[in-house]
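The next block holds one structure in the form of structure tokens; read it before the comments.
Any value given below was found using the heavy atoms of this structure, including those in side chains, with hydrogens, waters and symmetry copies removed. In what follows, chains carry the letters A, B, and so on, assigned in the order in which the sequence lines appear, proteins first and then strands, with residues in each chain numbered from 1.
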Protein chains: 2
Amino acid sequence: MNLDTCDDATHERILNAAEKLFAQHGHDGTTLREITKAAGVNLAAVNYHFGSKQALYTEVFQRVIRPINERRLAILADAEQLAGDQPVPLRAIVDSFIRPVFEMARGRPPFLLLMSRNFSAPPAFMHEVMGREFGKVAQRYLQVLQTSLPHLSPAEVFWRMFYVTGSMLFVAAHSQSIERLSQGLCRSDDPDASIRRLIDFAVAGLGAPKTPVA
Amino acid sequence: MNLDTCDDATHERILNAAEKLFAQHGHDGTTLREITKAAGVNLAAVNYHFGSKQALYTEVFQRVIRPINERRLAILADAEQLAGDQPVPLRAIVDSFIRPVFEMARGRPPFLLLMSRNFSAPPAFMHEVMGREFGKVAQRYLQVLQTSLPHLSPAEVFWRMFYVTGSMLFVAAHSQSIERLSQGLCRSDDPDASIRRLIDFAVAGLGAPKTPVA
DNA sequence: GTCTATAACACGATAGAC
DNA sequence: GTCTATCGTGTTATAGAC
């Protein structure tokens with residue numbers, strides 16, 4: 001409440017264990033007993049440090065989403081400055097949106113599942129948090145995309161960005177299982193290629209000709 | 001076990017209530033008490049008719065996914081026949097993949113959420129079922145797509161179909177909340193337009209130029 | 001096939017000693 | 001700040017009467 005006691009190992013251990021377990025089994029599928037056991041701390045520690053299971057879950061998610069969104073906006077601002085008076089290239093916009101997610105996941109793959117869970121099927125108590133975190137960056141991206149895709153209506157831009165988000169989250173959710181699902185066809189051992197492939201797809205989809213009104 | 005007693009109202013009432021509640025709150029977030037109460041049947045009826053909560057969940061999902069996959073393959077076969085010796089038009093392939101999902105959802109929107117949940121973050125005991133249901137149609141679509149997208153490797157085709165699936169499921173998951181999320185910008189009151197918009201995006205993404213090898 | 005009653009257990013949260 | 005012990009509640013599943 002006052003100064004953060006950043007040397008509190010228990011606090012961090014709980015967050016790390018919870019991130020992994022919440023990602024793999026969801027909020028309802030994970031118990032505080034499992035978390036505290038994995039973290040090697042006492043059962044009562046969660047309620048002492050976080051107050052409740054829901055508060056812990058919220059903190060776990062905010063700890064991962066906030067740096068990502070900050071980095072997104074930072075890269076986007078750079079791209080905007082680089083473009084000067086011109087519209088920001090579509091590919092640069094998409095890159096700034098997608099890349100931070102997968103870069104944050106380096107070495108901690110379960111985190112991608114956590115992202116996916118929270119945006120695709122968040123627990124009910126997270127709706128408010130998700131709306132806030134989602135809306136913040138959405139507004140910014142819509143603004144930038146609109147100048148790079150002037151032939152599309154704002155609604156059209158929103159829909160398409162929604163699709164891109166869905167593609168990204170679905171890949172994120174299955175980053176660990178894609179090799180099995182594709183029966184060895186798809187490899188997940190080249191993160192750079194994975195990101196580039198997804199960006200290629202997203203840029204093409206976003207830039208598709210306007211749907212003619214029926 | 002022997003002949004299906006198709007006039008068993010209790011069986012159906014449980015399935016319908018379970019579909020709605022599982023879709024909204026997930027497997028772990030739904031209790032048998034809630035389901036039986038919503039269905040207006042006795043608590044013990046679930047175990048009598050289905051054996052366990054997991055068996056009920058499996059049955060709920062298979063009841064929705066199987067007709068969809070059958071319809072997909074039927075439409076795809078028609079398109080193939082219509083195309084004769086020529087490759088099936090990309091748009092026809094995508095249409096056959098996406099349209100049955102949203103048509104099945106007419107009048108029962110929670111069903112879309114169920115789809116999304118099961119493919120994006122299925123409960124652990126569903127992994128085998130999902131792999132089976134996914135693999136079945138995936139193989140067929142990969143084969144057809146390969147002839148329509150000969151410039152892409154099989155792996156590339158799989159990845160892109162994965163992205164399309166993600167877009168579709170994300171829209172499905174938020175079909176009820178997109179108006180709120182977009183602050184009124186996007187409307188969900190024209191299902192035909194929604195399907196067409198998604199197909200436009202998917203076709204453009206699938207048909208994107210091949211990613212140059214770095 | 002439907003019901004009541006309950007077994008058997010797991011859950012989140014907390015009180016209170018250290 | 002950490003621990004043990006436990007409270008109160010809710011869970012799935014089932015036994016057994018009707």
Can you tell me how far P of D/dT11 sits from CG of B/L56, to the nearest Å? 16 Å
To the nearest angstrom, how far is A/Y48 atom OH from C/dG16 atom P? 17 Å
Are any of B/H11's side-chain N or O atoms less than 4.0 Å away from OP1 or OP2 of C/dG1? no
Mind calculating the distance between CG (A/N42) and P (D/dT6) to the nearest angstrom? 15 Å
What is the distance from NE2 of B/H49 to P of D/dT14, rounded to the nearest Å? 15 Å
Pairs involving residues 107-129 of chain A, ordered by first then second residue, that meet side-chain hydrogen bond (donor to acceptor under 3.5 Å, both in side chains) (sequence neighbours left out): A/E19-A/R108, A/Y57-A/N118
From NZ of B/K37 over to P of C/dC3, roughly how many Å is that when rounded to an integer? 16 Å
Name the pairs: protein N/O against N/O of nucleotides 10-12 of chain C, kept only if under 3.5 Å.
residue : atom : partner : partner atom : Å
C/dG12  : OP1  : A/L32   : N            : 3.4
C/dG12  : OP1  : A/K53   : NZ           : 2.9
C/dG12  : OP2  : A/L32   : N            : 3.0
C/dG12  : N7   : A/R33   : NH1          : 3.1
C/dG12  : O6   : A/R33   : NH2          : 3.4

For residues 177-200 of chain A, which residue pairs qualify under ring-ring contact (aromatic ring centres under 6.0 Å, His included), counting only residues two or more places apart or in two chains? none
Please confirm whether the shortest side-chain N or O distance from A/T10 to OP1 or OP2 of D/dG1 is below 4.0 Å. no
Starting at CD of B/E12 and ending at C1' of C/dG1, how long is that distance when rounded to a whole Å? 16 Å
May I have all residue pairs that pass side-chain hydrogen bond (donor to acceptor under 3.5 Å, both in side chains) and include part of residues 166-185 of chain B, sequence neighbours excluded? A/S167-B/S167, B/E179-B/S188
Those residues at least two apart in sequence (or on a different chain) that pass salt bridge (charged side-chain N to carboxylate O under 4.0 Å, His left out) with B/E133 are B/R66, B/K136
When you measure from the side chain of B/R71 to the backbone N and O of B/P100, does any donor-acceptor pair fall under 3.5 Å? no
Quick one: salt bridge (charged side-chain N to carboxylate O under 4.0 Å, His left out) partners of B/K37, sequence neighbours excluded? none
For B/L21 and D/dT11, give me the distance from atom CG to atom P, rounded to whole Å. 13 Å
What I want to find out is whether A/E34 reaches A/K20 closely enough, with some N-O distance under 4.0 Å, to be called a salt bridge. no
Between B/Y57 (OH) and D/dT12 (C1'), how many Å, whole number? 17 Å
What is the nucleic acid contact for B/A44, judged by heavy atoms within less than 4.0 Å: base, sugar-phosphate only, or nothing? base
